[in-house]
J.: 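Once you've had a glance at the structure underneath, I'll fire off some questions.
Naming convention: chains lettered A, B, ... in sequence-line order (proteins, then strands); numbering from 1 in each chain.
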Number of protein chains: 2
Amino acid sequence: MATRTRSMRARSTYRIDPNLERFLATVRKRFEFSREEFAMLAEKMTTAADFEAGDVMVEEGKRATHSSLLLEGYAARSKYTPNGERQIMEFQIPGDFIDLHSYPLECLDHSITAVSDCTIVQLDHKDISDLIERHSRFARIFWFATMTDASIHREWILNLGSRGGVERVAHLLCEMYCRSEIVGLTDNHSFEFPVTQVQMGEALGFSAVHVGRLLRELHDRKLVTKDRKIVHLHDWPALQELAGFDPEYLYLQPRKG
Amino acid sequence: MATRTRSMRARSTYRIDPNLERFLATVRKRFEFSREEFAMLAEKMTTAADFEAGDVMVEEGKRATHSSLLLEGYAARSKYTPNGERQIMEFQIPGDFIDLHSYPLECLDHSITAVSDCTIVQLDHKDISDLIERHSRFARIFWFATMTDASIHREWILNLGSRGGVERVAHLLCEMYCRSEIVGLTDNHSFEFPVTQVQMGEALGFSAVHVGRLLRELHDRKLVTKDRKIVHLHDWPALQELAGFDPEYLYLQPRKG
DNA sequence: CGAGGGGTTGACGTTGTTCAATGAGCGTGG
DNA sequence: CCACGCTCATTGAACAACGTCAACCCCTCG
């Protein structure tokens, strides 16, 4: 995959309501979200942009002036080691705020690249400040959203540090299945997962070859089939059990506040 | 080490000013912090508590009503895998807000345990709300503090996923040295690191035996000596180079806002 | 003086890597 | 339409990295 350097085709006044509403499901799982709040937010999110697979969407070290909500496609949060290998630290799916933490941090410590073709809508940092000022509950919601990413990071540390090969792959698939389900992107225990074995290796700390063997083992155990970009989970409870997957860390219970 | 279950000896009206001021160095590295702001914060942080090595200071899954600033001692953020092994995800040193993210999250996905004897001061969540309401800059500062933890998590993912044995150990030592320096806990490239090889293994994804061998290799290369609880870095530039350590992810540059 | 935690060592088994070769799928251009 | 090049996946064999087990030591604390 060519490392194309960020060719962003921004287009304004995109009619976001249908998509945006659909993909705010993640927020809705956690907070009550009124019509008014939704309207306040939607009003600010009108600038969309498209990226092709391989594009760098947000570049490490650059000062950010806006944050982005992913509407379509798969993205990856990643960082490079001095000798050039890439470590992926999170996969992002539609409905995820991919770089909301650039609001408090100003400058990101990592990049975000498009895994498949992607569409985003932008939210200016000054609009975030504005929303928070007008309605302080937004601060809580945004802060919370960035903290669930941190929680996912912790689970990945556990995954990389403590789980064996098969369990590790299984856990990644469990997480992505669970997150996809929230935004309505699953169909009878199948979901789109347009991630190559090389990229899975970069996420799991394995060589691509070994990822292939581990996927084959999951297939032989009649738990998972990955055909091109589609993953099917044949035995969800058994897979969860094998992976030691507990969705608690995704914070999907509704809360007040 | 016995897994003692949280025996907290709280004591009120602790005279924190000398310690608190000293250990707000971490915040000061990033934000200008006025006398008034300091006073507002200090006024709320008067309840201290002591823990012994091995105590669980904050327990996974419990609803939290306050957050804690570590004044003395070493602590660890950790989580357990279903089959009982522990994964450590961050070490905490004096000056760290160990569980500030329990404010937005309400309920933590992991535990915090005392590695050595510890002293903390508490800050009630309602006082946090109060501080933010009276002076909105506190929201930014607190949010920022939780985001630097997330950045550290990302670096650990990279460490676990992409670095080999020696480099991995080296990187951990670089991080802890760097963070210790900010709060004035280093002395000529030495610093206290009261972490056993078992615990280092739990943090780095290695067996304790292997950690021993890796430390020996760093010693043989004349880079590091770890004598009991004291680590001495003999060649800081070479160690940094070996580890591929770039302190950027600690966000130590001052910023406005 | 004994118990127990922490560290060290060596032999051996397991897990994952590397390299190189092979094949399937897909878009492109003739 | 086929031929070509490309990316992605698969396989086998040799090799390196790390884990496990068991024995041993040192130090500290009671």
Side-chain angles (χ1 to χ4, degrees), chain A residues 1-4 52-54 74 76 81 83-88 113-117 159-170 172 192-220 224-231, chain B residues 1-4 52-54 74 76 81 83-87 113-117 159-170 192-220 224-231:
Chain A
M1 174 163 311
T3 26
R4 227 167 277 113
E52 287 176 18
Y74 241 80
T81 197
N83 53 319
E85 350 176 6
R86 179 163 82 148
Q87 176 68 41
I88 292 177
T113 55
V115 171
S116 61
D117 294 353
N159 208 24
L160 286 165
S162 301
R163 275 190 264 259
V166 215
E167 295 82 0
R168 206 131 120 204
V169 176
L172 173 62
E192 204 184 343
F193 187 64
V195 175
T196 67
Q197 294 187 357
V198 173
Q199 291 162 339
M200 287 183 74
E202 288 169 339
L204 296 167
F206 289 131
S207 67
V209 179
H210 198 235
V211 169
R213 293 194 242 261
L214 294 170
L215 279 174
R216 201 172 116 69
E217 180 163 349
L218 284 173
H219 183 82
D220 292 347
V224 172
T225 11
K226 180 172 191 296
D227 183 45
R228 274 174 263 200
K229 299 172 188 310
I230 304 290
V231 168
Chain B
M1 175 162 312
T3 25
R4 228 166 277 113
E52 287 176 18
Y74 240 82
T81 199
N83 54 319
E85 345 174 13
R86 179 163 81 147
Q87 176 67 42
T113 55
V115 171
S116 62
D117 294 354
N159 208 24
L160 286 164
S162 301
R163 275 189 264 259
V166 215
E167 295 82 359
R168 207 131 122 203
V169 177
E192 203 183 345
F193 187 65
V195 175
T196 67
Q197 295 187 355
V198 174
Q199 291 162 340
M200 287 184 73
E202 289 169 339
L204 295 167
F206 289 130
S207 68
V209 178
H210 196 55
V211 168
R213 293 195 244 259
L214 294 170
L215 280 172
R216 201 171 115 69
E217 180 163 349
L218 283 173
H219 183 81
D220 290 348
V224 172
T225 9
K226 180 173 191 295
D227 184 45
R228 274 175 261 205
K229 299 172 189 308
I230 304 290
V231 168

J.: Would you say the side chains of A:Q87 and B:S162 form a donor-acceptor pair under 3.5 Å?
T.: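 Yes, a side-chain donor-acceptor pair sits under 3.5 Å.
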J.: Roughly how many Å is it from CG in A:L218 to P in D:dT10, rounded to a whole number?
T.: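 After rounding, the gap between these two atoms is 13 Å.
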J.: Ignoring hydrogens and angles, tell me if any N or O in the side chain of B:D117 forms a donor-acceptor pair with the backbone of B:A53 under 3.5 Å.
T.: yes
J.: For the side chain of A:T196, starting at C-beta, report the closest nucleotide among D:dC8, C:dG7, C:dT9.
T.: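 Minimum distance to the A:T196 side chain belongs to D:dC8.
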J.: So A:Q199 and A:R86, do their side chains get closer than 4.5 Å, heavy atoms only?
T.: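 The answer is yes, as the side chains (C-beta and beyond) meet within the 4.5 Å cut-off.
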J.: Rounded to whole angstrom units, what separation is found between the NZ atom of A:K229 and the P atom of D:dA9?
T.: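 Taking atom P of D:dA9 as the reference, NZ of A:K229 is at 8 Å.
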J.: Do the side-chain N or O atoms of A:Q199 get closer than 4.0 angstrom to the phosphate oxygens (OP1, OP2) of D:dC8?
T.: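 Checking A:Q199 against D:dC8: no side-chain N or O falls below 4.0 Å of OP1 or OP2.
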J.: Would you call A:N83 and B:E167 a side-chain contact if the rule is heavy atoms closer than 4.5 Å?
T.: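 Answer no - side chains too far apart.
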J.: Please produce a list of atom pairs where a protein N or O lies less than 3.5 Å from an N or O of nucleotides 22-29 of chain C.
T.:
unit_1 : atom_1 : unit_2 : atom_2 : d
C:dC26 : OP1    : A:R228 : NH1    : 2.2

J.: Does D:dT10 have OP1 or OP2 sitting under 4.0 Å from an N or O in the side chain of A:Q197?
T.: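 For D:dT10, OP1 or OP2 has a side-chain N or O of A:Q197 closer than 4.0 Å.
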J.: For the CD atom of A:E202 and the OG1 atom of A:T196, what is their distance to the nearest 0.5 Å?
T.: 7.0 Å
J.: Using side-chain heavy atoms (C-beta onward) and a distance below 4.5 Å, is B:F193 in contact with B:M200?
T.: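 B:F193 vs B:M200: side chains touch.
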J.: What's the CD-P distance between B:E85 and D:dG19, to the nearest Å?
T.: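 Those two atoms, CD and P, are 10 Å apart.
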J.: So, for B:Y74 and B:S116, which heavy atoms are closest and what is the spacing to 0.1 Å?
T.: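 For B:Y74 versus B:S116, the nearest heavy atoms are N-OG, 2.9 Å.
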J.: Does some side-chain heavy atom of A:I230 sit less than 4.5 Å from a side-chain heavy atom of A:E192?
T.: yes
J.: Encode nucleotides 12-21 of chain C as B, S and - characters from 5' to 3', where the letter depends on protein heavy atoms closer than 4.0 Å: B to the base, S only to sugar-phosphate, - to neither.
T.: ----SBB---
J.: Whole Å only: how far is the CZ atom of B:F193 from the P atom of C:dG6?
T.: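 The distance from CZ of B:F193 to P of C:dG6 comes to 14 Å, rounded to the nearest Å.
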J.: What is the distance from atom CG of A:L204 to atom CD of A:Q197, rounded to the nearest 0.5 Å?
T.: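 One finds 11.0 Å between CG of A:L204 and CD of A:Q197.
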J.: Just how far, in rounded Å, is P of D:dT11 from CG of A:L215?
T.: 12 Å
J.: Between atom CG in B:D220 and atom C1' in C:dT9, what is the gap in whole Å?
T.: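 In whole Å, C:dT9 C1' lies 14 Å from B:D220 CG.
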J.: If we only count heavy atoms from C-beta on, is the B:N159 to A:L160 side-chain gap below 4.5 Å?
T.: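 A side-chain contact under 4.5 Å is absent here.
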J.: Can you tell me how far apart CG (A:L172) and CG (A:L214) are? Round to the nearest 0.5 Å.
T.: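 Those atoms lie 11.5 Å apart.
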J.: For the helix from C:dT8-D:dA23 to C:dG30-D:dC1, measure the angle between the helix axis at one end and the axis at the other, each built from five pairs, rounding to 10°.
T.: 30°
J.: Whole Å only: how far is the CG atom of B:D227 from the C1' atom of D:dT28?
T.: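 Answer to the nearest Å: 15 Å.
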